[in-house]
Structure formats: structure tokens, C-alpha cells
There are 2 protein chains.
Amino acid sequence: MDELFQFFKAFYPISPAAQEAITAISTEISMARNKDLQPIGHSCKTIYFLKKGIARIYYYKDGIDVTESFEFEHSIVARVESLFSGRPSRKGIQIVEDAELIAIDANKLFKLYDAFPEIERLFRKIFEAAHVNLVNRLESLQFHTAEERYNDLIKESPEILQRVPLKHIASYLGITQVSLSRIRAKR
Amino acid sequence: MDELFQFFKAFYPISPAAQEAITAISTEISMARNKDLQPIGHSCKTIYFLKKGIARIYYYKDGIDVTESFEFEHSIVARVESLFSGRPSRKGIQIVEDAELIAIDANKLFKLYDAFPEIERLFRKIFEAAHVNLVNRLESLQFHTAEERYNDLIKESPEILQRVPLKHIASYLGITQVSLSRIRAKR
DNA sequence: CGATTCTTTTTACATATGTTAAATAATCAC
DNA sequence: GTGATTATTTAACATATGTAAAAAGAATCG
């Protein structure tokens, strides 16, 4: 759990008591590549912290597998739109590279908010940061070409090419695999 | 301020004392069409509630005016990515239709969070809801055609066509005005 | 009202991306 | 290792969207 609390510290330091409370509602899991951490259709009742490996959130659009987002080690994985709305998610979480995770029971976590305002504040800040990232991602999808988006991606996470299949990168960028292949051939 | 507290209630009801505290850091403003509520380049230190009218958040990409989002009456207007990061925003807020607003001083609001956990919770929920909307918007930009996005938009806010110039709608949809015109001609 | 400006549409052409299918290349299971 | 499966690239063609310029239409202001 140390890595998790280290991660938390960057957002908002919490007391040992709060750490214990979070430990009590968390479990550690390992999961192999290509397994579904959470299947499509279920409500998201868990917030994951990725200690190691890669995960992606995906869904099907007209039968085609679309990657909504990737998460690498030391980040939070959750289907926010289900977590915050309580509705079942049309999205699943798949492990892309063998992963070690900490699973935090979301309902129990939300209950902790009353007793520990510091925990509420911590997660508020975590999701605010996620919100900022999302706004930037939106901007990139709204007015950058696919080629610009590809270049930005490998500039920001160069290792992604070694660790994630291109088909997933293509749909993440909002284009087909063929189109991504063409863009790559240009360079 | 009544309308504001009515709006709050749907997210999380707060005590009279909390309401007073918010009232004390808020001011009411009116602003005419085409005026800039907040110019590009400043840090966002204000959270607005739109009582009446329409606002848009916009920026320039390669010299072209791009609308990131529209807000209609009874919603919150804020450049979140600046508000949460503290960094100056490359985006501005423009009034699209004569507006009446309540301006909440963001720094003072954040200070209230310590004394009033209920206020922190309220705004946490407000921005969580905004986050959910953003995820859905992302999905629409990532894998719907421009035509689908246009149809979805007028289905969801039909009055937008009467109240917002098409040039702004075009950039909001991530396409040029010419392209939007073509899509409209089809129907 | 008439002139000016701003908005929207239209046209013609260029480019980017999608679709389908086939060919390679890489990976996996036995 | 070998065959089967999966991933990636390439080709050929169709379609959507971008760009630039002009025309038409609507709103604004003296």
C-alpha cells in the first residue's frame, strides 16, 4: 500500500488514521494481460490504483473495440461516468500489460468521506486533476489532426509504442488502424 | 441568489449558514452579447452561475476562434483547467446572449471548504457531474461522425440553432463552418 | 432607407480518412 | 520448432472534410 500513499501525498497528505481506513477497504490483486478487470455492463464499484502494468478502458461502437483511455503504473483507473452517476457502464477495463493493482471499494470509500473530510478532499483533488486532463484531451480531439494527435502521444508517452498494440492506439486517437499505419509510414 | 441555491439543491442541500457564506463572496452581474466575461490569458479566479442567457468558452487555434463549450441558463461556467491547476487559461469566456450571472470568488470559495465541508462536498458533486458530461462529449468526438454529432446536438438542445451563430456551433463540433453548412443542406 | 458589416451558403478543388481486401510480420500454443 | 492465430502494413477505391473564394442572405447603424 506504500506506493498508493506515496501517490496520494502528491495530491493531499492524509493522516495515518485515514490511511488505515483506506487500507481496510482495499485489496491487492494481480492480473494477466488480456484479462478483463471489469467486464462491460457492470456498475463501477471499484477504484483501482495501478502499481504496475497497463490498463485500458474500452467499449464497443458499432461492434468495433474502441479504447477510451490508457492508464500506466502509478495512476488511478476507474470508469468515472459510472462511478459518479451510479449507472452501469457500457465500458470495460482490460489489462494490457501484466498488472498489479490495489482495488478500493468505492461505496465504502464514499462512506468514509463523512468521517474523514481529508479523504473526501484527497479524492476531490485526484478527480479534479483527471478532469483537467480530460479537458486537454478534448481539445486535442476537437481541433488537431490525427497526425498531430499521434505525434503528441508518442512525445508524451514514447514507451507506449513498445507496450501497447497499435490497434488500441488507433482507436484511442479516434482513427482506424489503417489510417494510423499510413501516418506512421510517413515518418 | 435564490436560483443559485435552487440549483445547488439538486446536487447537495446546504445549510442556511453555508448559503450565507456563499452569498457573502458572490456578486450579481449583467453582461451584453459579444462582451468578454473573462479575457483570454488570465487565471480563472471566478466561478459563474448563469441565471439567464448563454456563454461560451473559446480559444484560438492557429488564429481560428474555437468554441470549447456552451453554457445555457442554470449552469455553472468556469474554465476548469485553469481553476484547478492555478495556471493562466488560454481560454476566454464570451457572452453569446445577454446574460445575468452570479460571480463567485473562487479563492474565497476554496477557503470556505475548511469551515464548511458541506460546501466542499457540494462543489465536488457539481464538478463530478461536469466530469461525467465531459467523458460523454469525449466519446462523441472520438468516434462519431460530424453529422452524428450535429444531429445529437440539436436533439439535445434544439433551441441552440435559434440562439447561437452557426460558426460557433461548427467549431464546437470540431468541423469548419463550410462542412457544417454541407451537413445542414442534406436534411 | 441605404450602406456596411457580419453570417451563412455554395462552388471547385485538394487532402485526409474510411472501407475492404490481401499480403506480411509477429506472436502464441502445442 | 511448426502451424495457427493475431497484429500490422499495403493497395485501391469511396467518402468526408478542409481550403479558398465568391455569392447570397441577414443584421446593424447612421
Side-chain angles (χ1 to χ4, degrees), chain A residues 31-36 53-54 56 58 60-67 70 94-98 138-154 158-187, chain B residues 32-36 53-54 56 58 60-67 70 94-98 139-154 158-187:
Chain A
M31 191 166 274
R33 193 157 74 88
N34 288 335
K35 297 274 182 199
D36 261 16
I54 301 178
R56 71 182 183 108
Y58 71 102
Y60 289 97
K61 145 94 179 168
D62 302 339
I64 293 169
D65 178 317
V66 177
T67 295
F70 297 110
Q94 190 189 53
I95 300 303
V96 177
E97 186 182 88
D98 292 358
L138 191 85
E139 188 181 322
S140 128
L141 274 171
Q142 193 179 4
F143 256 93
H144 289 65
T145 65
E147 190 170 348
E148 289 171 317
R149 299 199 297 272
Y150 176 72
N151 289 332
D152 289 352
L153 177 68
I154 57 178
E159 80 285 12
I160 200 174
L161 290 177
Q162 275 52 263
R163 301 174 70 188
V164 175
L166 287 170
K167 60 176 178 176
H168 293 152
I169 295 179
S171 70
Y172 173 79
L173 293 172
I175 55 179
T176 61
Q177 208 182 333
V178 175
S179 197
L180 177 57
S181 233
R182 269 190 294 240
I183 288 168
R184 285 162 52 78
K186 279 200 209 168
R187 318 180 91 223
Chain B
R33 192 159 75 89
N34 288 334
K35 296 274 181 196
D36 262 16
I54 302 178
R56 72 184 183 106
Y58 72 101
Y60 288 97
K61 145 94 178 167
D62 301 339
I64 292 168
D65 178 317
V66 177
T67 295
F70 296 110
Q94 190 189 52
I95 300 303
V96 176
E97 186 182 87
D98 293 358
E139 189 181 322
S140 130
L141 274 171
Q142 195 179 3
F143 255 91
H144 288 66
T145 65
E147 189 169 350
E148 287 172 317
R149 298 199 298 272
Y150 175 72
N151 289 333
D152 289 352
L153 178 67
I154 57 178
E159 79 285 13
I160 201 174
L161 290 177
Q162 274 54 264
R163 300 174 71 188
V164 175
L166 288 171
K167 59 175 180 177
H168 293 152
I169 295 178
S171 70
Y172 173 80
L173 294 172
I175 54 178
T176 61
Q177 208 181 334
V178 176
S179 198
L180 177 57
S181 233
R182 271 191 292 241
I183 288 168
R184 285 162 53 79
K186 280 201 207 166
R187 317 180 93 224

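The figures that follow rest on heavy atoms only: side chains count, while hydrogens, waters and symmetry mates do not. Here is how names work: the chains are called A, B, and so on, in the same order as the sequence lines, proteins then strands, and each is numbered from 1.
- Atom CG in B:Asn34 sits roughly 11 Å away from atom P in C:dC6 (whole-Å rounding).
- For B:Val178, taking side-chain heavy atoms from C-beta onward, the closest of the listed nucleotides D:dT17, C:dG18, D:dA21 is D:dA21.
- Map B:Ile64 and A:Ala185 each onto its nearest nucleotide of DNA chain D; the residue landing nearer the 5' end is A:Ala185.
- Residues B:Glu147 and B:Lys186 meet the side-chain proximity criterion, which asks for heavy atoms closer than 4.5 Å.
- Counting to the nearest Å, the P atom of C:dC28 and the CG atom of A:Asp98 are 11 Å from each other.
- Between the P atom of C:dT19 and the CG atom of A:Leu180 lies a distance of 15 Å, rounded to the nearest Å.
- The nucleotide whose nearest atom lies closest to any side-chain atom of A:Gln177 is, among C:dT7, C:dT10, D:dT9, D:dT9.
- Atoms NZ (B:Lys186) and P (D:dT15) sit 11 Å apart, rounded to a whole Å.
- Sequence order on DNA chain C of the closest nucleotides to B:Arg182 and B:Val164 puts B:Val164 first from the 5' end.
- In this entry the distance linking CG of A:Leu173 with C1' of D:dT8 reads 16 Å, nearest Å.
- The residue A:Ser181 sits close to a base: some heavy atom pair falls under 4.0 Å.
- D:dG25 atom P lies 15 Å from atom CZ of B:Arg184, rounded to whole Å.
- Nearest nucleotide to the B:Ile183 side chain, out of C:dT7, D:dT17, D:dT10: D:dT17.
- Among all heavy-atom pairs drawn from A:Val96 and A:Pro165, the shortest one is CG1-CD, 4.1 Å.
- Rounded to whole Å, atom C1' of D:dA27 lies 14 Å from atom CG of B:Leu166.
- Atom CZ of A:Phe143 and atom P of D:dG18 are 7 Å apart (whole Å).
- The side chain of A:Ile175 lies closest to C:dG18, out of C:dG18, D:dA7, D:dG18.
- Side-chain proximity of A:Ala146 to the nucleotides C:dT9, C:dT17, D:dA7 is greatest for C:dT17.
- Scanning all heavy atoms of the two residues, the minimum distance from B:Leu173 to B:Arg149 falls at O-NH2, 2.6 Å.
- Heavy atoms of B:Arg33 sit under 4.0 angstrom from primed sugar atoms or phosphate atoms, though from no base atom.
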